[in-house]
Amino acid sequence: MSEKYQPHEVEVKWQRKWDETRIYRSQVDWDKPKHYALTMLPYPSGDLHIGHWFAMSPSDARARWMRMRGYNVLFPMGFDAFGLPAEQAAISRNIHPWKWTYSNIERMRQQLRSMGAMFDWEREAISCTPEYYKWSEWFFKKFYEHGFAYRGSALVNWSETLQTVLANEQVIDGKDERTGQPVVHKMMEQWFFAITKYADELLDFAGLDWPQAIKIMQTNWIGRSEGARVAFRTELGDHPIEIYTTRPDTLWGATFMVLAPEHDLVDVITSAAQRAAVDHYIDEIAAETEIERMMEHREKTGVFTGAYAINPVNDERIPIWIADYVMITYGTGAIMAVPAHDQRDFEFARAHDLSIRVVIQPAEMAEPLTDAAMTEAYDGPGTMVNSDAMDGSQSSKDKGRANAAIGRVLDWLEATGKGQESVNYRLHDWLISRQRYWGGPIPMMYDGEEIIPVPDEDLPVVLPEDVDFMPTGRSPLTYHEPFYKVDETVRRETDTLDTFMCSSWYQLRYLSPQCATAPFDAEEAAYWLPVDVYTGGAEHAVMHLLYTRFFTKVLRDIGVFDEAAAVMRQKGRDPQGAFDEPMSLLRNQGQVLGGERQGDFVLCSGREVGGKLLANRVEVAGWNEAPAGFEGRFGEIAHRTENVLHLDMAGLTQFVEVLPDAEIVIPGIPGRNNVNQLRHHLEIQRMSKSKGNVVNPDELVEKYGADVVRCYLMFNFDWQKGGPWNENNIKGPQGWLHELWEIALAGAPDSAGDAKRERDIERKLHQTIAVVNRGLEEFSFNTAIAEQMKFKNSFKAALRAGGIGAEMWREVMSQALRLLAPFAPHFAEELWQRLGREYSVHLQSWPQYDAEKAREEQVELVVLINGKPRGSVEVAVDIERERALELAVASEAAQRSLAGKAPRRTIFIPGRNGTDPKVNIVV
RNA sequence: GGGGAAGUGGCGGAAUUGGCAGACGCGCAUGACUUAGGAUCAUGUCUCUUUUGAGGUGAGGGUUCGAGUCCCUCCUUCCUCACCA
């Protein structure tokens, strides 16, 4: 009996040895091709989550593969260490954020090491250290000097719970995206980054190999739209009210205007008679949170201001209302309302008895459309009517100038000076300041109204440690006098930087985390940039991933990369485009979800038809046994397709078709229920502490060893999709490694080699190499491992059958272990050593795929009859078309189907890349 | 409501450009070994059918010699933005 594989001893041993021998140290080497592989850095929350393993260990496998293929690979790791949780821990548990963060980092570093990844720890960067945030501050100053950072007043998202403002990107459904607490809009003076200056460039993804979904999300977030700005003046006084519209072709249909309640002009134009009503409405709206304001299917409320505007296109007098369905944050915060052709305006008009005028006659309608006949707004294509000189223009479904009517009106507006063609963005400037302590200080000072940047030689502005964390909600910096009081008149900024700013450039700090004279070393940047492969979660689609693109573009434009570009030229590399985008290729992993959940046990009654129960009543039972005397079917819903339930009762599957009008009784849910509400036992959900379905990676490593966990994560999921956790499946990869261990320790056979059998295993090996390469290339880690399992099966069978000589055995093992090394680094290293090979397997070159060796000699010629496989004939791999047709037609399967007749048609499908050729015979 | 992704065995999931659907693994079944097995090994495992054969990738239609893959209609699920003017 051979020795068992002991993961713990082996893994710790090799982790130490790798450290000691520094085999993962990455250094600039201009003679080697570079590969910068980056995986998103974690926030030091306390413990490494299985999600971190799922994101990082496949990324590590891919980085290792690139390295073995001869690339000089940089695969760094660090911590995104500023942020609110540390501060909350300080307040609630009286522990300093430094201490909390550092002990978490300490712990997570150990957990990361247990993963066996090839992180180069010498390049570790931690965003909350003065050595790091000095350069965050420096960048802030650069942005300020070049007009990309400015202080401005704006309506911002304020979180009462967090006592800070948040960026738009951090607010989801009116709630803070981290804590789920509501936010309110507040007018405040804050620091902004001018990301909107790059709106158009950020819409350009040319040359980026990023997931389509991310590109679309960013495009939607930026929200570019084309239309016109038109100023309506008020009837009394000349207060122009500028509106933005994407439908200038409906200008003649504007029967009223609506301003957002927060609009500046509301106060100016409101009549004395309406003053009380308007003020009352504004107060009501202000008291609402953003969540309430965004409730679906809200009634369209609003009040008349008492003022009238003049529509510049036809000089009509129209009333001005305020309503909360107009958002101050979009466009100009004011709209012309065209109820006939905009659903929201339509609803508002009907609710407040405002007039509706049709100005687009529907294309498909013979009779003129009248407002009385309308039950909803018409926003389809048609002909402009009631629009003076523009009548007859054709309005299509297209947006912008692609629509003839819009184009014509835009020209007319420009020519008459009544309006301008205009592009609008949903994107707002990035609100960068936070009223919190645990962030990078903003290096600015104030002398009264005057803004004074902190001189470079005084950077970094250091976060004071001796502060009190009182549960006031306010940042301790605001009452730490030595910090904010620079001298008698000068006060220091007490707001800190959004942590997303710190993570917008961390890929640069990894290049030279110890560099004291610059944010990064120019030569390192010249060699390593841009990041070649970036992996991480899709939840950062419009925050981090948009910010870091913006950041990179600004740095490029203000010359931060100039020196690196010079080094590139000097080394004979073209810097053109190298600094346009931070990451050339991006892939998102999916999410590991909690395990299966028990489903509903149901009692179904109805009538039996053909082995199936047609149920007219389904009741969800609170127990798992049928009551005595119950007739019908009872069981757990194992599966459901449409209205057919697959009931599992004592391992037997029964089918129940739920009739459309069946009564469905679910305890606790009164009223009519739907078949869709029935839960089958596969329902899965996100892992969370409150659901008690969290998987702890430390325990898994303890139980199975890191390599088994790595292989399980890579093998059992489609990495880009994620899926439910099922620890039973870990037996697959575990058994595979176990068998490999047995094979390796059994040693080389002493039987003589048989040429044909050795050729067979060699062929399989090279076929495996090809599939593993493709799997790693395409982030299809599961197929890369499946193919190696298959190879193990073949090799095992071959060894049992005999005919594999010692030399071939050693050759196969050598290659197989190198294929395995990126996936199971410790295990492969251990066997590599036990087979007497030179340290380290990770310093070996990747097995070279040899197409000639992978080539099959004999293949199956598949005979298809009308496209369905019906037989096969063994033939040579390079069989000619004519010969294949002949053999196929002569085959038994074909003869049977043809029954003496000639085929109507025959099609030869050659075998690609060694796959079987086929002949389709149409009879 | 807009935008996007996806629906394949009991389960996780495979299937280059349309070319043998269900690789690999889990589970399950049978057998072997064992004092024992939640260990290990072997064999089998889409469905129906006696062989033969027939059917089968959410539903329905279409294109094609041939469709999981392409097109149209619909259903379901997930993600995302959301009164976006």
Side-chain angles (χ1 to χ4, degrees), chain A residues 172-173 211-217 219-221 223 225 227 243-247 250 258 293-298 300 323-327 329-338 342-345 347-348 424-426 538-539 541-542 590-591 596 638-643 646 648 651 653 676 681-682 712 715-718 721 723-733 735-736 738 742 771 774 778 780 782-783 785-790 792-793 860 862-872 896 903-907 909-913 915-923:
Chain A
I172 293 169
D173 288 339
Q212 195 62 26
I214 300 288
K215 293 193 273 189
I216 289 168
M217 273 192 260
T219 301
N220 291 344
W221 186 263
S225 70
I243 60 106
Y244 171 75
T245 179
T246 55
R247 291 295 305 274
T250 64
V258 186
R293 188 156 167 182
M294 295 195 315
M295 294 268 283
E296 236 173 313
H297 307 304
R298 271 187 74 143
K300 295 250 171 332
D324 69 347
Y325 82 89
V326 173
M327 302 289 146
T329 51
Y330 186 80
T332 61
I335 62 160
M336 62 158 181
V338 184
D342 181 284
Q343 187 59 26
R344 294 152 300 169
D345 297 344
E347 286 166 22
F348 192 79
N424 190 63
Y425 299 94
R426 206 184 83 102
E539 67 273 16
V542 290
Q591 202 171 19
E596 297 186 356
H639 190 70
R640 179 176 68 80
T641 357
E642 309 280 300
N643 63 336
H646 301 215
D648 176 71
T653 304
N676 296 335
H681 83 265
L682 287 173
Y712 164 70
F715 175 69
N716 249 274
F717 301 84
D718 170 351
K721 205 173 109 201
W725 178 261
N726 183 353
E727 204 171 316
N728 274 337
N729 284 338
I730 212 162
K731 286 181 185 168
W736 167 53
H738 175 81
E742 298 283 323
V771 176
R774 190 162 69 90
E778 295 171 5
S780 172
N782 51 354
T783 56
I785 290 183
E787 201 63 18
Q788 291 182 78
M789 288 178 169
K790 228 158 96 178
K792 180 270 297 170
N793 293 343
E860 295 285 302
V862 179
V863 180
L864 306 166
I865 308 295
N866 294 331
K868 301 226 183 291
R870 288 295 178 257
S872 64
R896 199 165 49 226
R904 294 201 358 233
R905 196 174 160 187
T906 51
I907 298 111
I909 305 127
R912 290 189 316 264
N913 301 337
T915 60
D916 295 335
K918 294 162 201 75
V919 171
N920 190 12
I921 299 171
V922 184
V923 298

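Below, all heavy atoms of this structure are taken into account, side chains as well, without hydrogens, waters or symmetry copies. The structure displayed is predicted, hence computed values, not measured ones. Naming: A, B, ... by sequence-line order, numbering from 1 per chain.
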*Asks:* What contact category does A/Val862 fall into here, base, sugar-phosphate, or nothing, at under 4.0 angstrom with non-hydrogen atoms?
*Replies:*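 It contacts base atoms.
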*Asks:* Below 4.0 angstrom from OP1 or OP2 of B/A85, is there any side-chain N or O of A/Tyr330?
*Replies:*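 Checking B/A85 against A/Tyr330, a side-chain N or O does come within under 4.0 Å of OP1 or OP2.
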*Asks:* Would you give the length of the straight line joining atom CD of A/Glu347 to atom CD of A/Gln343, rounded to the nearest 0.5 angstrom?
*Replies:* 4.5 Å
*Asks:* Mapping A/Arg905 and A/Lys868 onto RNA chain B by nearest heavy atom, which one lands closer to the 5' end?
*Replies:*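 Upstream on the strand: A/Lys868.
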*Asks:* Looking across every strand, which nucleic acid part, if any, lies under 4.0 Å from A/Lys721 by heavy atom: base, sugar-phosphate, or nothing?
*Replies:* sugar-phosphate
*Asks:* Any chance you could measure A/Asn866, atom CG, to A/Arg904, atom CZ, to the nearest 0.5 Å?
*Replies:* 8.0 Å
*Asks:* Any side-chain N or O of A/Arg344 below 4.0 angstrom from OP1/OP2 of B/C84?
*Replies:*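 Checking B/C84 against A/Arg344, a side-chain N or O does come within under 4.0 Å of OP1 or OP2.
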*Asks:* Can you list the residues that meet the side chain to side chain contact (heavy atoms under 4.5 Å, CB included) rule with A/Val542, with sequence neighbours excluded?
*Replies:*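 For A/Val542 the side chain to side chain contact (heavy atoms under 4.5 Å, CB included) partners, ignoring immediate neighbours, are A/Met217, A/Gln218, A/Trp221.
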*Asks:* In whole Å, measure the gap between the C1' atoms of B/G61 and B/C11 for me.
*Replies:*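 Those two atoms are separated by 32 Å.
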*Asks:* With respect to the side chain of A/Ala213, which nucleotide from B/G4, B/A85, B/C65 is positioned closest?
*Replies:* B/G4
*Asks:* How close or far is atom C1' of B/C81 from atom CE of A/Met327, stated in whole angstroms?
*Replies:* 14 Å
*Asks:* Which value, in whole Å, describes the distance between the P atoms of nucleotides B/G22 and B/G60?
*Replies:* 22 Å
*Asks:* Hey, what do you get for CG (A/Leu864) to OG1 (A/Thr906), rounding to the nearest 0.5 Å?
*Replies:*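 Taking CG in A/Leu864 and OG1 in A/Thr906, the distance rounds to 12.0 Å.
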*Asks:* Using atom C1' in both nucleotides, what's the gap between B/A23 and B/G13 to the nearest angstrom?
*Replies:* 10 Å
*Asks:* Which atom pairs link the protein and nucleotides 25-27 of chain B when you take only N or O atoms and keep those under 3.5 Å?
*Replies:*
unit_1, atom_1, unit_2, atom_2, d
B/G25, OP1, A/Asn793, ND2, 3.1
B/C26, O4', A/Asn729, OD1, 3.3
B/C26, O2', A/Asn729, OD1, 2.9
B/G27, OP1, A/Lys731, NZ, 3.1

*Asks:* B/C74 and B/G3: how far apart are their P atoms, nearest whole angstrom?
*Replies:* 13 Å
*Asks:* Looking at the side chain of A/Ile216, which of B/G3, B/G12, B/G19 is the nearest nucleotide?
*Replies:* B/G3
*Asks:* Find out whether A/Thr783 and A/Arg774 are in side-chain contact, i.e. whether some heavy atom of one side chain is under 4.5 Å from a heavy atom of the other.
*Replies:*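 Not touching, per the 4.5 Å side-chain cut-off.
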*Asks:* On RNA chain B, does the nearest nucleotide to A/Ala786 precede the nearest nucleotide to A/Val922 from the 5' side, or the other way round? Give the residue.
*Replies:*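 Closest to the 5' end, via its nearest nucleotide, is A/Ala786.
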*Asks:* In this structure, how many angstroms lie between the P atom of B/G19 and the CG atom of A/Asn920, rounded?
*Replies:* 13 Å
*Asks:* Holding to ring-ring contact (aromatic ring centres under 6.0 Å, His included), I want the full list of residues that pass it with A/Phe715, two or more places apart in sequence or in another chain.
*Replies:* none
*Asks:* In whole Å, what separates the C1' atom of B/G37 from that of B/U49?
*Replies:* 39 Å
*Asks:* Report the distance from atom CD of A/Glu778 to atom C1' of B/A14, rounded to the nearest whole Å.
*Replies:*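 In whole Å, B/A14 C1' and A/Glu778 CD are 13 Å from each other.
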*Asks:* What nucleic acid atoms does A/Arg904 come within less than 4.0 Å of, heavy atoms only: base, sugar-phosphate, or nothing?
*Replies:* nothing
*Asks:* Can you tell me how far C1' in B/U77 sits from the matching atom in B/C84, rounded to whole Å?
*Replies:*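 B/U77 and B/C84 have their C1' atoms separated by 27 Å.
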*Asks:* Would you please indicate yes or no on a ring centroid separation below 6.0 angstrom for A/Tyr712 and A/Trp736?
*Replies:*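 Aromatic pair excluded; centres sit 6.0 Å or further apart.
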*Asks:* Starting at CG of A/Asn220 and ending at P of B/G4, how long is that distance when rounded to a whole Å?
*Replies:* 8 Å
*Asks:* Hey, is B/G13 sitting syn or anti, using the within-90° cutoff around 0?
*Replies:*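 Nucleotide B/G13 adopts anti.
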*Asks:* Does any non-hydrogen side-chain atom of A/Ile865 lie less than 4.5 Å from one of A/Ile921?
*Replies:*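 Heavy-atom side-chain distance check passes, below 4.5 Å.
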*Asks:* Checking A/Asp342 now: which residues fulfil salt bridge (charged side-chain N to carboxylate O under 4.0 Å, His left out) with it, not counting sequence neighbours?
*Replies:* A/Arg344
*Asks:* Among the nucleotides B/A14, B/U16, B/C83, which one has an atom lying closest to any side-chain atom of A/Asp324?
*Replies:*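 When the side chain of A/Asp324 is considered, B/C83 is the closest of B/A14, B/U16, B/C83.
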*Asks:* Quick one: stems involving RNA chain B, counted as three or more successive Watson-Crick or G-U pairs, both distances short of 3.5 Å.
*Replies:* B:1-7 with B:75-81, B:10-12 with B:24-26, B:27-32 with B:40-45, B:46-48 with B:53-55, B:58-62 with B:70-74
*Asks:* Minimum heavy-atom separation for A/Met336 and A/Thr245, please, with both atom names.
*Replies:*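 Scanning both residues completely, I find the closest heavy atoms to be CE-OG1, 3.5 Å.
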*Asks:* In whole angstrom, give the distance that lies between atom CD1 of A/Ile865 and atom P of B/C65.
*Replies:*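 To the nearest whole Å, that distance equals 17 Å.
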*Asks:* Which atoms form the tightest heavy-atom contact between A/Ser225 and A/Thr246, and what is the distance?
*Replies:* OG-CG2, 3.8 Å
*Asks:* Could you measure the distance from the CZ atom of A/Arg426 to the OG1 atom of A/Thr329? Nearest 0.5 Å is fine.
*Replies:*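 Between A/Arg426 CZ and A/Thr329 OG1, I get 9.0 Å after rounding to 0.5 Å.
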*Asks:* Provide the distance between the two C1' atoms, one in B/A15 and one in B/U8, to the nearest whole Å.
*Replies:*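 The same atom, C1', in both gives a distance of 10 Å.
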*Asks:* Quick one: which of B/A82, B/C83, B/A85 gets closest to the side chain of A/Lys300?
*Replies:*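 The listed nucleotide nearest to A/Lys300's side chain is B/C83.
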*Asks:* Write down the distance separating the P atoms in B/C75 and B/C28, rounded off to the nearest Å.
*Replies:* 39 Å
*Asks:* Roughly how far apart are A/His738 NE2 and A/Lys731 NZ, rounded to 0.5 Å?
*Replies:*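 A/His738 atom NE2 to A/Lys731 atom NZ measures 13.5 Å (nearest 0.5 Å).
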*Asks:* Please enumerate all protein N or O atoms sitting under 3.5 Å from an N or O of nucleotides 42-53 of chain B, with distances to 0.1 Å.
*Replies:*
unit_1, atom_1, unit_2, atom_2, d
B/A42, OP1, A/Arg800, NH2, 3.0
B/G53, OP1, A/Arg896, NE, 3.3
B/G53, OP1, A/Arg896, NH2, 2.7

*Asks:* Is A/Lys300 close enough and on-axis enough to A/Tyr325, meaning under 6.0 Å and within 45°, for cation-pi?
*Replies:*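 Output yes; distance and angle both within limits.
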*Asks:* Using atom CE of A/Met336 as one end and atom C1' of B/C84 as the other, report the distance to the nearest whole Å.
*Replies:* 14 Å
*Asks:* Rounded to whole angstrom units, what separation is found between the CD atom of A/Glu787 and the C1' atom of B/A15?
*Replies:*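 Nearest whole value for this atom pair: 12 Å.
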*Asks:* From CH2 of A/Trp736 over to C1' of B/U40, roughly how many Å is that when rounded to an integer?
*Replies:*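 Rounding to the nearest Å, CH2 of A/Trp736 and C1' of B/U40 are 20 Å apart.
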